[in-house]
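So the structure is just underneath, and the comments pick up after that.
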Amino acid sequence: MKQFVVIGCGRFGQSVAIKLAELGSEVMVVDDKEDVIQNIANKVTYAVQADATDENAIKALGIRNFDVAIVTIGSDIQSSILVTLLVKELGVKHIVAKAQNPAHAKVLYKIGANRVVFPEKEMGVKIAKSLVSSNVLDLIDLAPEYSILEIKMNDEWVGKTLVEINMRRKYQISAIAIRREDHVDINVEPDRVLLKDDILIVIGNNADLKKIEKN
């Protein structure tokens, strides 16, 4: 089981920490605000009030023992850079850091961040794409030309099997899983009859996925 430390507990940091905990990971959050720590304490493994820019405080938390550090102090660029540098020097092997702008991101990469994220921008793009097509529930960009979509049933597919729909031939895309209620089945049986409330998880070229979004 991977161990994560989330440093900075704003809205983005909280959402990441809580989701990681829900997925069964060991998660420690660090923030200098007492009320923030109190609010999240029962939702993660550890919640610690500390100044992450204080090298001695960070060392005392045993940061080096975590697999991934997620630095979400995006609004205070100086603190973001300092904390990223500290966790790198303390030996954390994988660092994800939140950036305010491209210049901030460039510095974070230079000092050792493995991945830099722009949560507001990335979420904005994701929301925009989902709004364009009402039947697309979620989207993951794999590469500039390929994506994974969660897509609702349309009337034409209900009561049919994947063999009958023949997505590969008709749409040039592939179904890789089916979500039925809270269960996701990645062993997609081609002769399974699809139900009205099923969610298909499909993969394909973006140009081909656009065709299915319009159905």
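Nothing fancy with the numbering, it's 1 onward along the sequence. The structure displayed is predicted, hence computed values, not measured ones.
- Side-chain contact between Ile199 and Lys152: present, with at least one pair of heavy atoms (C-beta onward) separated by less than 4.5 Å.
- Side chains of Val30 and Leu61 form a contact here, defined as non-hydrogen atoms less than 4.5 Å apart.
- Between Ile70 and the choices Val29, Ile95, Val117, Leu20, the side-chain contact (heavy atoms from CB on, under 4.5 Å) rule is met once, by Leu20.
- A 4.5 Å side-chain heavy-atom check between Leu194 and Ile178 finds at least one atom pair inside the cut-off.
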Apply side-chain contact (heavy atoms from CB on, under 4.5 Å) to the pair Val96 and Val116, showing each step before the final yes or no. CA-CA 6 Å; Val96 179; Val116 175; over 6 Å; no
Walk me through whether Thr161 and Ile165 qualify under side-chain contact (heavy atoms from CB on, under 4.5 Å). CA-CA 6 Å; Thr161 66; Ile165 296 172; over 6 Å; no
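- Here the NE2-NZ distance, from His104 to Lys98, works out to 10.0 Å after rounding to the nearest 0.5 Å.
- For residues 193-204, every residue pair satisfying the salt bridge (Lys or Arg N to Asp or Glu O under 4.0 Å) rule, not counting sequence neighbours, is listed here: Arg180-Asp198.
- Here the CG-OH distance, from Asn166 to Tyr171, works out to 10.0 Å after rounding to the nearest 0.5 Å.
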Please report, to 0.1 Å, the donor-acceptor pairs under 3.5 Å made by any side chain of residues 5-14, with sequence neighbours excluded.
unit_1 : atom_1 : unit_2 : atom_2 : d
Gln14  : NE2    : Cys9   : O      : 3.1

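- The stretch residues 43-54 participates, sequence neighbours left out, in these side chain to side chain donor-acceptor pair (under 3.5 Å) pairs: Asp51-Thr53.
- At a threshold of 4.5 Å between non-hydrogen side-chain atoms, the residues Met153 and Leu200 count as touching.
- Remark: the backbone N or O of Leu90 is paired with a side-chain donor or acceptor of Arg64 at under 3.5 angstrom.
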Can you check side-chain contact (heavy atoms from CB on, under 4.5 Å) on Val202 and Met167, steps first, answer last? CA-CA 10 Å; Val202 299; Met167 285 190 168; 4.2 Å; yes
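- Between the Asn154 side chain and the Trp157 main chain, a donor and an acceptor come within less than 3.5 Å of each other.
- Across all their heavy atoms, Ala17 and Ile40 have their closest contact at CB-CD1, 4.3 Å.
- From Lys170, atom NZ reaches atom CD of Glu164 across 12.0 Å, with rounding to the nearest 0.5 Å.
- Evaluation of the salt bridge (charged side-chain N to carboxylate O under 4.0 Å, His left out) rule for Glu55 yields Lys59 as partners, not counting sequence neighbours.
- Grouping Ile, Leu, Val, Met, Phe, Trp and Tyr residues whose side-chain heavy atoms lie under 4.5 Å apart, directly or via other members, leaves Val193 alone, with no other cluster members.
- The closest side-chain heavy-atom distance from Phe4 to Met28 is not below 4.5 Å.
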Thr72 and Val16: CA distance, side-chain angles, deciding distance, side-chain contact (heavy atoms from CB on, under 4.5 Å) verdict: CA-CA 9 Å; Thr72 67; Val16 171; 5.5 Å; no
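- Under the 4.5 Å side-chain contact rule for hydrophobic residues, Val36 and Val48 do not share a cluster.
- Lys2 and Glu26 are not joined by a salt bridge, as no carboxylate oxygen comes within less than 4.0 angstrom of a charged side-chain nitrogen.
- Each of Ile173 and Val163 belongs to its own hydrophobic cluster when Ile, Leu, Val, Met, Phe, Trp and Tyr are linked at side-chain heavy-atom distances under 4.5 angstrom.
- The other residues sharing a hydrophobic cluster with Leu86 are Leu82, where clustering joins ILVMFWY side chains under 4.5 Å apart.
- Remark: Asp155 CG is loosely packed, at most 12 non-hydrogen atoms of other residues, nucleotides or ligands lying under 6.0 Å away.
- Rounding to the nearest 0.5 Å places OG1 of Thr84 at 5.0 Å from CG of Leu108.
- Checking side-chain atoms of Ser80 against main-chain N and O of Asp76 turns up no donor-acceptor pair under 3.5 Å.
- The structure places CG of Leu149 at 10.5 Å from CD1 of Ile201, a figure rounded to the nearest 0.5 Å.
- Among all heavy-atom pairs drawn from Leu85 and Ile111, the shortest one is N-CD1, 4.0 Å.
- For the pair Tyr109 (side chain) and Asn114 (backbone), a donor-acceptor distance under 3.5 Å is absent.
- When all heavy atoms of Ala47 and Ala41 are compared, the pair lying nearest together is CB-CA, 3.7 Å.
- For the pair Phe118 and Ala99, the tightest heavy-atom approach, listed with the atom from each and the gap, is CD2-O, 3.6 Å.
- Note: Leu209 CG to Gln172 CD = 10.5 Å, rounded to the nearest 0.5 Å.
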